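Only heavy atoms go into these numbers, but all of them, side chains included; no hydrogens, no water, no symmetry mates. Just so we're clear, the structure is a prediction, and the values are computed from it rather than from any experiment. Indexing begins at 1, ligand by ligand and atom by atom, following the structure's order.
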Amino acid sequence: MLIIKNLKVNYGYVNALKGVDIDIKGGQIVSILGSNGAGKTSLLKAVSGLVEDKSGTILFDGQDITNMSTEKIVSLGISHCPEGRRIFPQLTVEENLKIGAYVLRNKKVNLQEEFERVYAFFPKLKERRRQVAGTLSGGEQQMLAIGRALMSKPKLLMLDEPSLGLAPIIVNEIFKIIKQINSEGVTVLLIEQNANGALKISDYSYVLELGQVVSEGDSKKLLNDEGIRKSYLGA
Ligand code: ATP
């Protein structure tokens, strides 16, 4: 579904990605692990058309999206839930969700049905739909950010560190919902520092270090890999 070939991203003299190859098959959950500064966020930004200096090829469903605008990329079916959530704190839950449906504005969609589709994953958001988003808990804000990303009806949902800063019990809940979203047919690309959680819910994983893929494989295998356990699972 998403094929990335020899992707390089530069910020001036900083080479954030140095030629990365990634292949995401439709229907899977694929995770990208790696420590701070490994280039994980740059990878998602490159796919979404949000970095200026990049080279390589990005194919989505066979179509070359490497140099497409972000809006076009979203309308083709790739949605990006950014690190740090970036919700609009002064707007209500439902107003935030509506923004996620912006690319569908010229299509005949029933907004209420789309809200309900998202609320089915996040009943708490429905209860709080008239509440301003800034007053939600951290976990609820993360749910809102994922819900907003789902409003554009993506085929591929890219999540940048959804577990960041959340209590373990909430992290489990978020991971469970990601599984559920995937089982409803949405392919997921998951960036995580919580390697243990990400390996448990994903089918396939890549490990990035200093802008390069240093390891990849079935997530279950990586979970039992000695080197991965030492470097990323604190074993
Ligand atoms: P983190 O988990 O800390 O977000 P990451 O794996 O997502 O890390 P990136 O954010 O992609 O890593 O950053 C990769 C490298 O690129 C880092 O060295 C970072 O300092 C650098 N970098 C990222 N964004 C910029 C920018 N806008 N300008 C300059 N350098 C940048």
Side-chain angles (χ1 to χ4, degrees), residues 2-24 29-58 60 65-70 73-74 78-87 138-139 141-142 145-146 148-149 156-168 170-171 174-175 178 187-202 204-217 219 222-223 225 227-234:
L2 186 77
I3 299 175
I4 298 174
K5 286 185 204 153
N6 197 22
L7 180 64
K8 296 180 183 165
V9 169
N10 303 308
Y11 304 103
Y13 294 113
V14 178
N15 308 125
L17 291 179
K18 301 169 185 165
V20 164
D21 294 308
I22 281 173
D23 187 350
I24 294 168
I29 300 181
V30 172
S31 63
I32 313 273
L33 316 174
S35 43
N36 285 112
K40 306 180 297 298
T41 296
S42 299
L43 176 76
L44 292 200
K45 282 189 175 170
V47 173
S48 288
L50 295 169
V51 293
E52 281 170 20
D53 187 356
K54 68 168 187 270
S55 66
T57 313
I58 306 171
F60 180 61
I65 63 163
T66 318
N67 296 308
M68 275 184 190
S69 69
T70 301
I73 292 167
V74 179
I78 299 183
S79 192
H80 183 163
C81 181
E83 187 175 7
R85 299 154 202 161
R86 307 277 177 87
I87 55 156
Q141 290 190 15
Q142 184 59 62
I146 299 173
R148 183 182 54 188
L156 173 67
L157 174 65
M158 305 196 296
L159 301 168
D160 196 342
E161 304 229 14
S163 76
L164 197 71
L166 301 178
I170 309 293
V171 172
I174 299 266
F175 279 162
I178 293 171
T187 305
V188 176
L189 174 53
L190 174 67
I191 300 280
E192 265 300 334
Q193 285 206 38
N194 178 344
N196 196 33
L199 287 171
K200 278 188 183 146
I201 68 159
S202 61
Y204 198 85
S205 297
Y206 292 84
V207 181
L208 274 186
E209 260 176 35
L210 297 172
Q212 283 174 316
V213 174
V214 293
S215 187
E216 67 175 280
S219 301
L222 294 186
L223 203 50
D225 182 282
I228 300 283
R229 292 181 66 80
K230 273 201 185 126
S231 306
Y232 297 97
L233 302 174

Heavy-atom closest contact (L166 atom, G139 atom, distance)
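In terms of heavy atoms, the two residues are closest at CD2-N, 3.6 Å.
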Show the nearest heavy-atom pair for residues S48 and M158, with the distance to one decimal.
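Taking S48 first and M158 second, the nearest heavy atoms are OG-CE, 3.2 Å.
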Considering G211, A38, G37 one by one, which has a heavy atom nearer to atom 17 (C) of ligand 1 than any of the others?
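Among G211, A38, G37, the closest heavy atom to atom 17 (C) of ligand 1 comes from G37.
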Answer yes or no for atom 7 (O) of ligand 1: protein heavy atom present at a distance under 4.0 Å?
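Yes.
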Report yes or no: does E192 contribute a side-chain atom to a donor-acceptor pair with the main-chain N or O of S163 at less than 3.5 Å?
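Looks like yes, one N/O pair under 3.5 Å.
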Using modelled atom types and a 3.5 Å cut-off, is there a donor and acceptor pairing between side-chain atoms of K40 and backbone atoms of L208?
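Judged by distance alone, no pair lies under 3.5 Å.
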Any heavy atom of K45 closer to ligand 1 than 4.0 angstrom?
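No, K45 has no heavy atoms under 4.0 Å from ligand 1.
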Examine ligand 1 and decide if any of its atoms is less than 4.0 Å from a heavy atom belonging to S35.
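Yes.
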Using a 4.0 Å cutoff against the non-hydrogen atoms of [X], which atoms of ligand 1 qualify?
| X | answer |
| --- | --- |
| E161 | 2 (O) |
| T41 | 4 (O), 5 (P), 7 (O), 10 (O), 11 (O) |
| G39 | 5 (P), 6 (O), 9 (P), 11 (O), 12 (O), 14 (C) |
| Q193 | 2 (O) |
| A16 | 14 (C), 15 (C), 16 (O) |
| K40 | 2 (O), 5 (P), 6 (O), 7 (O), 8 (O), 11 (O), 12 (O) |

Between T57 and T66, does any side-chain donor sit less than 3.5 Å from a side-chain acceptor?
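Judged by distance alone, the side chains do not pair up.
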Sort out for me which residue in V30, I22, I58 forms a side-chain contact (heavy atoms from CB on, under 4.5 Å) with L2.
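Between L2 and the candidates, side-chain contact (heavy atoms from CB on, under 4.5 Å) is satisfied uniquely by I58.
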Nearest neighbour in protein (non-hydrogen) for [atom]:
| atom | result |
| --- | --- |
| atom 31 (C) of ligand 1 | Y11 CD1, 3.2 Å |
| atom 13 (O) of ligand 1 | S42 OG, 3.8 Å |
| atom 3 (O) of ligand 1 | N36 ND2, 2.8 Å |

With sequence neighbours left out, write down each residue that passes salt bridge (Lys or Arg N to Asp or Glu O under 4.0 Å) with D23, or none if nothing qualifies.
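In terms of salt bridge (Lys or Arg N to Asp or Glu O under 4.0 Å), with neighbours along the sequence ignored, D23 is linked to K25.
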Sequence-distant partners of F175, ring-ring contact (aromatic ring centres under 6.0 Å, His included), two or more places apart
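With neighbours one apart ignored, the set is empty.
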